[in-house]
Number of protein chains: 4
Amino acid sequence: MSARAPRRQRGHARVEVLLAAAAQVFADKGYDAATTTEIAAAAQSSIGSLYQFFPTKEAVAQALIQQQSADLTQRLAAMAEAGAGWDVEELARRLVGALIDFRASHPSFARLIDTPGAPAAVVLDVRRGMRLQLMDILAPHAPSLGKARLMAVATAVQQVMKSAVALNDDPAADSPTAARAALAELREMLRIYLQTALS
Amino acid sequence: MSARAPRRQRGHARVEVLLAAAAQVFADKGYDAATTTEIAAAAQSSIGSLYQFFPTKEAVAQALIQQQSADLTQRLAAMAEAGAGWDVEELARRLVGALIDFRASHPSFARLIDTPGAPAAVVLDVRRGMRLQLMDILAPHAPSLGKARLMAVATAVQQVMKSAVALNDDPAADSPTAARAALAELREMLRIYLQTALS
Amino acid sequence: MSARAPRRQRGHARVEVLLAAAAQVFADKGYDAATTTEIAAAAQSSIGSLYQFFPTKEAVAQALIQQQSADLTQRLAAMAEAGAGWDVEELARRLVGALIDFRASHPSFARLIDTPGAPAAVVLDVRRGMRLQLMDILAPHAPSLGKARLMAVATAVQQVMKSAVALNDDPAADSPTAARAALAELREMLRIYLQTALS
Amino acid sequence: MSARAPRRQRGHARVEVLLAAAAQVFADKGYDAATTTEIAAAAQSSIGSLYQFFPTKEAVAQALIQQQSADLTQRLAAMAEAGAGWDVEELARRLVGALIDFRASHPSFARLIDTPGAPAAVVLDVRRGMRLQLMDILAPHAPSLGKARLMAVATAVQQVMKSAVALNDDPAADSPTAARAALAELREMLRIYLQTALS
DNA sequence: GATGAATGAGCTTTCATTCAT
DNA sequence: TATGAATGAAAGCTCATTCAT
């Protein structure tokens with residue numbers, strides 16, 4: 001964060017291990033409850049080593065978010081490429097599934113993105129970037145939509161995707177069956193909506 | 001773990017003040033970053049007084065959530081009563097607005113409900129309770145729907161309502177105009193969806 | 001402790017209940033860990049009531065010690081009266097048993113007497129008083145002993161009696177059988193010793 | 001619960017200083033009244049340093065007990081080696097003196113061992129260990145004694161040794177002269193007893 | 001660069017005691 | 001007199017961060 005602080009050096013093996021450990025610990029405990037010492041220990045490193053590469057705890061979270069969001073960007077880019085050919089139903093299904101899949105393989109992402117206490121600036125970037133990519137995915141299906149309207153639609157879609165994630169591991173669900181039914185409902189909602197909005 | 005009941009008038013008053021102060025502080029900083037000392041100070045109480053009525057910091061948050069969720073329950077109950085006569089468009093508008101309004105007047109509620117580190121059990125109760133009330137609101141509009149399906153619909157609606165709140169004070173929005181547009185989009189999505197689902 | 005403080009009023013029913021509760025709590029937790037609030041609660045009283053009769057926590061312990069040591073005094077007095085007729089073996093047996101019996105029925109006494117943090121002055125009085133009574137018990141068996149020597153013997157006997165108590169509920173004992181054997185050994189030691197010392 | 005092992009020289013030194021400071025403070029105030037802050041200050045360390053090596057206050061006491069009891073073990077071992085040649089009188093004298101000497105140079109030991117609130121498990125180990133060593137010391141003097149009997153004798157001897165310590169700094173003694181006389185009496189009791197028991 | 005010791009502000013919680021009702 | 005609310009110093013302990021080796 002500060003200028004004289006050591007930059008995290010991409011490519012340094014230790015950095016990768018530290019980030020992996022951080023992902024683990026953040027996923028388990030959330031940003032606030034995670035401690036830098038524990039992260040270092042999980043990376044079989046020392047606390048001193050961690051601070052050699054990251055100036056603050058917040059910087060660790062930021063780097064992690066950035067690393068993971070790069071993966072998300074890639075996935076969405078792939079969707080943008082392949083998605084032009086899908087019909088609306090498939091589009092809805094894929095969109096709902098995309099974030100669920102992603103967060104399943106990056107469990108720390110959700111906690112870091114939503115948690116108060118987490119670094120704000122990066123989070124906003126990620127959200128905005130995702131929104132832009134959603135616009136890219138949706139655009140081919142509604143060539144006539146103005147840019148402002150398209151962004152509004154993308155924003156709404158983004159919310160549905162987040163809802164899908166929330167539903168997917170909602171501990172308030174009465175049963176797995178009920179959770180699945182709710183998820184299907186959400187998919188249906190998105191499909192109907194897109195059918196109208198993109199026409 | 002729950003609040004010790006005050007047995008004197010002075011005690012009741014103090015509890016109210018403490019909860020109000022807690023609402024303030026939790027809203028500002030979130031559960032983890034809020035300190036019991038600050039809450040007591042904001043209530044112009046001593047820290048000892050706080051712990052006279054609440055055994056732990058968590059109990060303070062629980063009591064606050066319970067107090068506020070009682071208000072939410074009331075609002076939703078009112079909607080259930082009045083809502084039978086609304087057409088689908090009004091229903092959608094009201095639902096989207098309901099949670100926005102509520103959280104505007106209870107800013108701490110959102111942070112406490114979503115935050116990791118916050119008391120889990122009460123949160124689940126609140127979510128489940130809200131879902132049940134949504135079922136009550138929706139039922140008159142779709143008498144033929146089975147109970148399981150109705151619950152799935154209610155769950156989806158609940159997510160849209162939460163999305164609306166998120167959108168309403170989304171710091172990632174490019175402009176207030178864009179935020180409003182996205183909100184309108186969400187409302188439209190809900191309307192279209194309900195039209196189909198409740199028919 | 002302070003002059004203006006309310007004296008504990010003998011005969012007031014509340015005082016008796018409070019002392020009984022204090023005995024219970026002190027026995028369970030020891031002097032330091034016991035809290036005045038818990039004592040009051042155990043007496044089904046309020047903390048205010050407790051401080052109406054006892055100026056400090058220490059005063060409660062003092063009163064309790066005094067009350068119980070009066071009972072001890074009585075028992076030893078009884079022994080002094082009956083003991084002149086006993087032979088040395090019976091004397092040894094009774095002495096060893098006396099403190100064990102007493103502490104069994106006053107479990108808080110031991111913790112209060114030995115615990116650092118407990119009121120010192122009263123404790124010394126109790127010890128000295130007990131020593132004097134032991135001299136009374138022993139004197140008839142050794143009419144020729146000088147007073148100084150008698151006191152030394154009494155002091156040694158007192159230590160053996162305390163040892164007996166310690167042994168009786170020694171958690172370091174390997175088995176109840178071993179504990180009993182050690183106790184018997186102690187009794188034997190006292191017998192042999194008294195045989196010589198009192199002749 | 002036990003001490004975290006330091007991995008650097010500086011750490012080892014710090015642990016030593018901390019334990020010495022803890023010995024001082026525990027000796028002065030006892031376990032409960034001693035505070036970790038004061039211990040750290042007495043060691044001219046920060047409170048953080050203390051908790052770097054000891055997870056809890058109890059662990060500090062445990063480590064201290066273990067360190068000191070190692071010394072006690074050594075002394076008793078020396079007695080076991082040299083003691084075979086002593087006559088019973090010398091044996092009694094040495095036994096009575098051993099614990100007095102030891103506790104004189106380790107003043108915190110007594111308070112930690114007897115105090116309720118102190119760590120229990122270690123204390124039991126120490127007591128049992130001492131008992132075993134006493135058996136080693138006594139055995140050569142009574143080759144014909146069965147093991148069970150020997151243990152009972154050792155236990156009784158152990159109690160006398162503790163009594164000697166108690167007497168040695170008994171604030172209830174009327175005078176130093178009286179205290180010395182009582183101590184002599186105790187020594188005599190042990191001598192007579194051992195003469196009989198070990199024959 | 002790697003390590004782990006050092007730091008200390010600050011956290012939650014306790015509890016003897018006082019005071020208003 | 002009885003009650004329980006009020007107080008606040010002080011306790012044990014944590015943790016992000018810095019520094020010496």
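Order of the sequence lines sets the chain letters (A, B, ...), proteins ahead of strands, with each chain counted from 1. Here the structure is a predicted model, which means the values were calculated and not measured.
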Among the candidates F:dA2, F:dA6, F:dA16, find the nucleotide nearest to the side-chain atoms of A:Thr36. F:dA16
Which part of the nucleic acid, if any, lies within reach of B:Ala34 when heavy atoms closer than 4.0 Å are counted: base, sugar-phosphate only, or nothing? sugar-phosphate
A:His12 has a side chain; which of E:dG1, E:dA5, E:dA6 sits nearest to it? E:dG1
Gap separating the NZ atom of B:Lys29 from the CZ atom of B:Arg111, nearest 0.5 angstrom: 10.5 Å
Under the 3.5 angstrom rule, does the side chain of D:Ser49 hit a backbone N or O of D:Ser45 as a donor-acceptor pair? no
Among F:dA5, F:dG12, F:dT17, which nucleotide has an atom closest to any side-chain atom of D:Lys57? F:dG12
Which part of the nucleic acid, if any, lies within contact of D:Thr35, taking any heavy atom under 4.0 Å across all strands shown: a base, the sugar-phosphate backbone alone, or nothing? sugar-phosphate
Pair assignment for F:dG12, Watson-Crick or G-U wobble, requiring both distances under 3.5 Å: E:dC11
Of all the choices, E:dG4, E:dA16, E:dA5, which nucleotide is nearest to the side chain of C:Tyr51 once you look at every atom? E:dA16
From C-beta outward on A:Ser46, which listed nucleotide comes closest to its side chain: F:dT17, E:dG4, E:dT17? E:dG4
Where the side chain of B:Phe53 is defined as all heavy atoms beyond and including C-beta, which of E:dG4, E:dA6, F:dA6 is the nearest nucleotide? F:dA6
Quick check for you: among F:dC13, F:dA5, E:dT12, whose closest atom lies nearest to any side-chain atom of D:Thr56? F:dC13
Which nucleotide in the set E:dT3, E:dA6, E:dG8 lies at the smallest distance from any side-chain heavy atom of D:Ile47? E:dG8
Which of these nucleotides, E:dT7, F:dT17, E:dA16, is closest to any side-chain atom of D:Ser49? E:dT7
